[in-house]
Amino acid sequence: MTELLTAAQMRAIEQAAIESGEVTGLELMERAGRGVVEAVFEEWPELAETSHRAVVLCGPGNNGGDGFVVARLLKEWGWDVEVFLYGDPARLPSDARVNYERWAALGEVLPLSAAPSAMTETDLLVDALFGTGLGRGLSDEFQDVWDSHLDCIADGVAIVAVDIASGVCADSGKEIGIYAFVAELEVSFHRLKQGHVLGDRMGRAIVKDIGINTWQHHGSQTCEPVTLVCIEESSLFKTPFDHKYDHGHALILSGGAGKTGAARLAARASLRIGAGLVTLGVPGAAQMEVAGQITALMLRRVEDGDGLASVLEDERLNAVCLGPGLGAERARELVPMAVRAEHTPYIVLDADALTAFAEEPEALFGMLHEGCVLTPHGGEFARLFPDIAEKLKAVPTKGPAYSKVDATREAAARAGCVVLFKGPDTVIADPDGRCIINSAQYERAAPWLATAGSGDVLAGFITGLLARGVAPMQAAETAAWLHVECARSFGPGLIAEDLPEELPKVFRDLGL
Ligand SMILES: NC(=O)C1=CN([C@@H]2O[C@H](COP(=O)(O)OP(=O)(O)OC[C@H]3O[C@@H](n4cnc5c(N)ncnc54)[C@H](OP(=O)(O)O)[C@@H]3O)[C@@H](O)[C@H]2O)[C@H](O)CC1
Ligand SMILES: [K+]
């Protein structure tokens with residue numbers, strides 16, 4: 001399980017490790033600097049072959065301290081290294097100060113204002129200005145250096161950020177202020193921070209171990225760390241002795257004539273992910289249209305709320321999906337029936353089933369229960385949780401900033417069920433605060449997933465897993481992960497119809 005930490009959690013872990021006597025702060029700083037150099041040579045092997053030039057920008061805290069270690073190690077490697085410091089050396093924290101002195105025995109430290117001219121002729125730029133201690137936006141004093149770093153990017157200079165690019169909030173991934181740096185490579189320590197996978201991050205983040213072995217959970221930390229999705233293949237297995245009813249029966253409600261495509265996509269996805277049976281619930285006017293399009297899927301007429309209530313008396317129907325192509329009016333009538341159905345444990349609400357309650361979200365939340373899963377994209381999220389979306393959208397002036405993790409946790413607590421907030425950084429939270437991120441960034445980037453109907457397929461995947469008896473949180477995370485894997489496996493040219501059809505290949509690759 002890959003944990004992602006906040007700056008406060010990382011500080012608590014570091015503090016606990018130092019207090020336990022396991023390691024000193026100075027040792028951690030040395031390992032951090034060494035990790036950065038190793039990572040640079042792994043990322044750009046040509047830089048390890050001969051000596052080169054480096055410019056190291058150091059800040060006033062321990063991030064700057066790591067920078068002095070990097071400078072010393074590169075110098076010892078035979079490089080030509082120039083170091084620039086923002087701030088007063090006398091005010092550096094003690095470990096950073098020690099490394100400042102160690103560097104000062106080898107070379108000069110110039111003020112940051114002198115850096116731009118050196119930055120025009122470097123092979124490597126090391127951004128060690130600010131890390132997890134970023135408290136506010138960078139002031140105009142940084143403008144020239146920031147402009148020069150843009151020139152470095154344009155010139156193809158290798159740029160590495162120590163921990164995280166300076167000016168980027170480690171908790172939220174948001175840029176604080178206007179002078180946030182960009183780095184091709186970010187080298188974080190012990191664990192990635194939440195900010196490395198939230199937002200539209202550029203570059204690539206990797207983790208270097210700095211020898212902190214124990215997870216010390218501090219009393220001051222109320223939340224367990226967020227993790228990256230980790231799927232359990234065992235929840236997807238079928239045995240030769242299973243009957244189709246052992247894998248549940250999903251009901252996907254469709255909209256009227258001419259609007260049935262989205263529900264059919266969701267239904268196909270539910271079937272492919274392994275629900276034993278999948279039925280489309282359609283109004284009479286759309287029956288012929290749907291009947292002509294389906295084979296393994298079944299069809300039931302669901303005209304209105306009463307019709308749905310009577311269909312749901314069948315206890316074998318254990319998961320219902322409402323939203324894709326449903327239409328707001330039909331959603332307002334059917335959603336209350338579905339969430340209140342006595343024998344139906346699992347409900348997925350997507351698209352129209354969310355938007356239909358934009359005027360009265362509290363009425364919706366009052367009906368929901370722990371078997372429900374909401375799957376909003378950004379727009380739907382803002383309609384249901386306008387105040388939370390407002391906080392998330394606000395331009396931050398200080399760190400740590402309100403993050404998509406904070407927003408999703410707050411939404412799940414308010415709704416009283418699992419909320420899956422879509423994006424390249426899909427965040428999934430349950431009402432207890434458990435939170436997981438499915439990152440489709442870096443090596444898992446899936447740009448072709450942004451296509452019409454892709455969300456309907458995701459809703460169908462979740463519904464299918466719920467029908468199979470997978471618990472809501474795990475169903476949401478497994479579905480989100482498989483959704484990205486299908487897109488990556490198919491590759492360019494992907495359209496939503498391809499996603500369920502790619503699932504057998506993804507399953508085979510998982511060894512199912
Ligand atoms: N956690 C670990 O295990 C290790 C972390 N290391 C490295 O240390 C940094 C975190 O160090 P820290 O000293 O806590 O924070 P920073 O270096 O990021 O920055 C703090 C100083 O910066 C000042 N600050 C903050 N924002 C601004 C700003 N916008 N403009 C100017 N100055 C700013 C802040 O001053 P204050 O006035 O706010 O108090 C501090 O002086 C972590 O990222 C790692 O790189 C270890 O070395 C290895 C182990
Ligand atoms: K940095």
Side-chain angles (χ1 to χ4, degrees), residues 5-20 22-36 39 56-70 84-100 112 125-143 145-146 149 159-171 175-193 195-196 203 205 207-216 218 396-401:
L5 300 177
T6 62
Q9 285 167 333
M10 185 66 208
R11 262 194 298 278
I13 290 171
E14 181 193 35
Q15 208 49 46
I18 293 170
E19 280 165 13
S20 74
E22 184 188 319
V23 70
T24 65
L26 207 53
E27 282 165 339
L28 289 180
M29 193 170 278
E30 188 70 20
R31 292 173 194 169
R34 191 172 297 282
V36 172
V56 184
L57 309 177
C58 294
N62 290 318
N63 198 255
D66 297 349
F68 291 119
V69 176
V70 173
F84 300 88
L85 172 65
Y86 171 79
D88 176 359
R91 299 184 60 186
L92 285 166
S94 58
D95 296 333
R97 175 72 196 226
V98 169
N99 280 306
Y100 165 88
L112 191 70
L125 177 64
V126 181
D127 161 13
L129 288 169
F130 303 104
T132 49
L134 181 78
R136 53 198 178 277
L138 276 57
S139 66
D140 290 341
E141 294 169 276
F142 289 88
Q143 183 173 357
V145 173
W146 186 79
H149 112 287
I159 304 184
V160 62
V162 174
D163 212 355
I164 191 159
S166 298
V168 176
C169 167
D171 287 13
E175 297 184 351
I176 310 229
I178 53 175
Y179 303 115
F181 283 65
V182 175
E184 218 173 324
L185 179 68
E186 293 176 313
V187 184
S188 191
F189 311 116
H190 182 60
R191 299 281 186 268
L192 282 185
K193 311 301 171 302
H196 288 116
V207 183
K208 282 288 174 180
D209 185 26
I210 51 170
I212 300 175
N213 297 315
T214 45
W215 160 246
Q216 306 273 355
H218 254 226
T397 52
K398 58 186 176 66

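Start at 1 and go down the list; that is how both ligands and their atoms are numbered. All of these numbers come straight from a predicted model, not from anything done at the bench.
- Distance check for atom 40 (C) of ligand 1: every protein heavy atom is found at 4.0 Å or beyond.
- The aromatic rings of Phe181 and His149 are tilted relative to each other, their planes meeting at an angle between 30° and 60°.
- Close contacts between ligand 1 and Met10 involve ligand atoms 1 (N), 2 (C), 3 (O) [criterion: under 4.0 Å to a heavy atom].
- At least one donor-acceptor pair under 3.5 Å links the side chain of Glu186 to the backbone N or O of Ala165.
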Steps toward side-chain contact (heavy atoms from CB on, under 4.5 Å) verdict (Phe84, Val145): CA-CA 11 Å; Phe84 300 88; Val145 173; over 6 Å; no
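- Ligand 1 has an N or O atom lying under 3.5 Å from an N or O atom of Asp163, backbone or side chain.
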Could you go through the side-chain contact (heavy atoms from CB on, under 4.5 Å) check for Glu141 and Tyr86 one step at a time? CA-CA 9 Å; Glu141 294 169 276; Tyr86 171 79; 3.1 Å; yes
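- Heavy atoms of Pro60 come nearer than 4.0 angstrom to ligand 1 in at least one pair.
- Closest to atom 18 (O) of ligand 1 by heavy atom, among Gly87, Gly137, Gly131, Gly61, is Gly131.
- Counting protein heavy atoms only, atom 4 (C) of ligand 1 is closest to Glu14 OE2, 3.0 Å.
- For ligand 1, the polar-atom distance check against Phe130 finds no nitrogen or oxygen pair separated by under 3.5 Å.
- Phe68 pairs with exactly one of Leu92, Val56, Val98 by the side chain to side chain contact (heavy atoms under 4.5 Å, CB included) rule, that one being Leu92.
- Checked by distance only, ligand 1 and Asn62 come closer than 3.5 Å through their nitrogen or oxygen atoms.
- With 3.4 Å as the limit, Val162 counts as an N, O or S neighbour of the K ion (ligand 2).
- Ligand 1 has at least one atom lying under 4.0 Å from a heavy atom of Arg136.
- For Ile164 atom O and Phe130 atom O, the angle they make at the K ion (ligand 2) is roughly 80°, to 10 degrees.
- Between the side chain of Asp127 and the main chain of Ser166, a donor-acceptor pair closer than 3.5 Å is present.
- Heavy atoms of Pro93 come nearer than 4.0 angstrom to ligand 1 in no pair at all.
- Considering backbone and side-chain N/O of Gly135, one or more are found under 3.5 Å from N/O of ligand 1.
- Using a 4.0 Å cutoff on heavy atoms, Tyr86 counts as a contact of ligand 1.
- The closest donor-acceptor contact from the side chain of Arg136 to the backbone of Thr397 lies at 3.5 Å or more, if one exists at all.
- Classification of the Tyr179-Trp146 ring pair by plane angle, with boundaries at 30° and 60°, yields perpendicular.
- If you check each of Thr132, Asp66, Asn99, Asn63 against atom 46 (C) of ligand 1, the one with the closest non-hydrogen atom is Asp66.
- Counting the atoms of ligand 1 from 1 in the order shown, those under 4.0 Å from a heavy atom of Ile210 are 3 (O), 49 (C).
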Chi angles and distances behind the side-chain contact (heavy atoms from CB on, under 4.5 Å) call for Val36, Asp66: CA-CA 9 Å; Val36 172; Asp66 297 349; 5.8 Å; no
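- The shortest heavy-atom contact between Thr132 and Arg11 is O-NH1, 3.6 Å.
- A donor-acceptor pair under 3.5 Å is absent between the side-chain atoms of Asp171 and the main chain of Gly399, judged by distance alone.
- Close approach of ligand 1 to Met29 is summarised as follows: ligand atoms under 4.0 Å from at least one heavy atom of the residue are 47 (O).
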Please lay out, stage by stage, how Ile212 and Arg191 fare under the test side-chain contact (heavy atoms from CB on, under 4.5 Å). CA-CA 10 Å; Ile212 300 175; Arg191 299 281 186 268; over 6 Å; no
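- Checked against a 3.5 angstrom limit, the closest N/O atoms of Gly133 and ligand 1 fall inside it.
- Nearest N, O or S atom of Asp127 to the K ion (ligand 2): atom O.
- Across Ser188 and Asp163, no two heavy atoms sit closer than the pair OG-OD1, 2.9 Å.
- For atom 49 (C) of ligand 1, the nearest protein heavy atom is under 4.0 Å away.
- Contact annotation: for Ile164 versus ligand 1, there are no heavy atoms closer than 4.0 Å.
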